[in-house]
Structure formats: C-alpha cells, structure tokens
Amino acid sequence: KKAKSNNNNDIITEMRLGRRAPEFLPSCNASILLQPKFRPALDNLIQLSLYDCGLSSLAGIELHPTNDDDDGRSSMTLFPKLEQLDIGRNPILTNDS
C-alpha cells in the first residue's frame, strides 16, 4: 500500500515508500520528494515512511524553497501537517545528515 487517502476529498495523508532504495539512487537522499510537482500532495501528508530506503541524507526535507521574496531566499515548511516520519533502517543516515 503506497498511499492512503481519506474519503472526504481523496487527499493523500499517508505515503509508505519503505524498502525502495533503488528509487532514491544515485543520490541516496530524499531530493525526489522536493520536486515542485509533488508539493500539493505533501501539503496534506500526515505520515511518511522512508524505512529501509538506503538514505544517507535528509538535507532539504525540512524546508522547501519558494520564490515569494525578492531575493528568492524565502522558504516554507515542506510537510506542514506531518506527524509521523519513519526513517528506520537507513544505516548510513546519521544525525548530521
């Protein structure tokens, strides 16, 4: 089961991306989730599983760049409603990543 939506408006609230290391290659980070085309789905995400994905970094996952400011340095929370993030079994992921 990849995604779970509530029955009200088919809004995706859960994504289970566990055990998909090949999809995160070659960078071994979560940059694929930072693509603008995925932004609408991420706004309502409550649970995200990145379990056993071979990740080495979560850099950039906490903030999403926007172009709202004149200097283009503004950013907003990428997962504003996220309550649960499963990053277990990513052995090369460290607290510094």
Side-chain angles (χ1 to χ4, degrees):
K1 191 171 178 180
K2 297 178 190 174
K4 183 177 181 181
S5 62
N6 66 18
N7 292 331
N8 296 338
N9 296 318
D10 281 343
I11 295 172
I12 296 172
T13 58
E14 180 179 353
M15 291 180 76
R16 296 181 185 177
L17 303 176
R19 295 186 175 104
R20 294 178 182 224
E23 295 179 35
F24 291 92
L25 292 175
S27 61
C28 295
N29 64 36
S31 62
I32 191 168
L33 299 175
L34 306 177
Q35 296 177 18
K37 66 183 177 182
F38 298 128
R39 180 70 200 185
L42 301 179
D43 282 343
N44 295 298
L45 211 56
I46 294 172
Q47 295 179 330
L48 174 61
S49 175
L50 297 172
Y51 178 85
D52 196 17
C53 286
L55 298 175
S56 63
S57 174
L58 292 177
I61 204 169
E62 70 281 357
L63 294 175
H64 178 70
T66 65
N67 292 321
D68 293 340
D69 286 352
D70 292 335
D71 60 7
R73 293 183 186 160
S74 177
S75 60
M76 59 198 313
T77 303
L78 184 59
F79 303 105
K81 298 180 181 178
L82 192 67
E83 296 174 4
Q84 182 179 2
L85 175 62
D86 182 359
I87 54 171
R89 217 164 164 216
N90 284 287
I92 55 178
L93 186 64
T94 66
N95 289 338
D96 298 333
S97 342

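All values below were derived from every heavy atom in this structure, side-chain atoms included, with hydrogens, water molecules and symmetry-related copies excluded. Just so you know, residue 1 is the first one in the sequence shown, and it goes up from there. Because the structure is predicted, anything quoted here is derived from the model rather than measured.
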Give a yes or no on whether Leu55 and Tyr51 share a hydrophobic cluster (residues Ile, Leu, Val, Met, Phe, Trp, Tyr; joining criterion: side-chain heavy atoms under 4.5 Å apart). no
Roughly how far, to the nearest 0.5 Å, is OG1 of Thr94 from CD1 of Ile92? 9.5 Å
d(Leu17 CG, Leu50 CG) to nearest 0.5 Å is 6.0 Å
Distance col, row Thr13:OG1 vs Leu48:CG, nearest 0.5 angstrom, shows 11.5 Å
With no hydrogens and no angle check, is any side-chain donor or acceptor of Asn90 less than 3.5 Å from a backbone partner on Cys53? yes
Nearest non-hydrogen partners of Leu45 and Met15, listed with the distance: CD1-CG, 3.5 Å
With side chains defined as the heavy atoms from C-beta onward, is the minimum distance between Phe24 and Ile32 less than 4.5 Å? yes
Arg19: partners by salt bridge (charged side-chain N to carboxylate O under 4.0 Å, His left out), with sequence neighbours left out: none
In this structure, would Phe79 and Ile46 fall into the same cluster of hydrophobic residues linked by side-chain contacts under 4.5 Å? no
Does Leu42 share a hydrophobic cluster with Ile12, counting links as ILVMFWY side-chain heavy atoms below 4.5 Å and allowing steps through other members? yes
Tightest non-hydrogen contact, residues Ala21 and Gly54, listed as CB-N, 4.1 Å
Can a donor-acceptor pair be found, under 3.5 Å and without considering hydrogens, that links the side chain of Asn29 to the backbone of Leu58? no
What are the two closest non-hydrogen atoms of Lys81 and Asn44, and how far apart are they? NZ-OD1, 3.1 Å
Using the side-chain hydrogen bond (donor to acceptor under 3.5 Å, both in side chains) criterion, which residues pair with Glu23? Sequence neighbours excluded. none
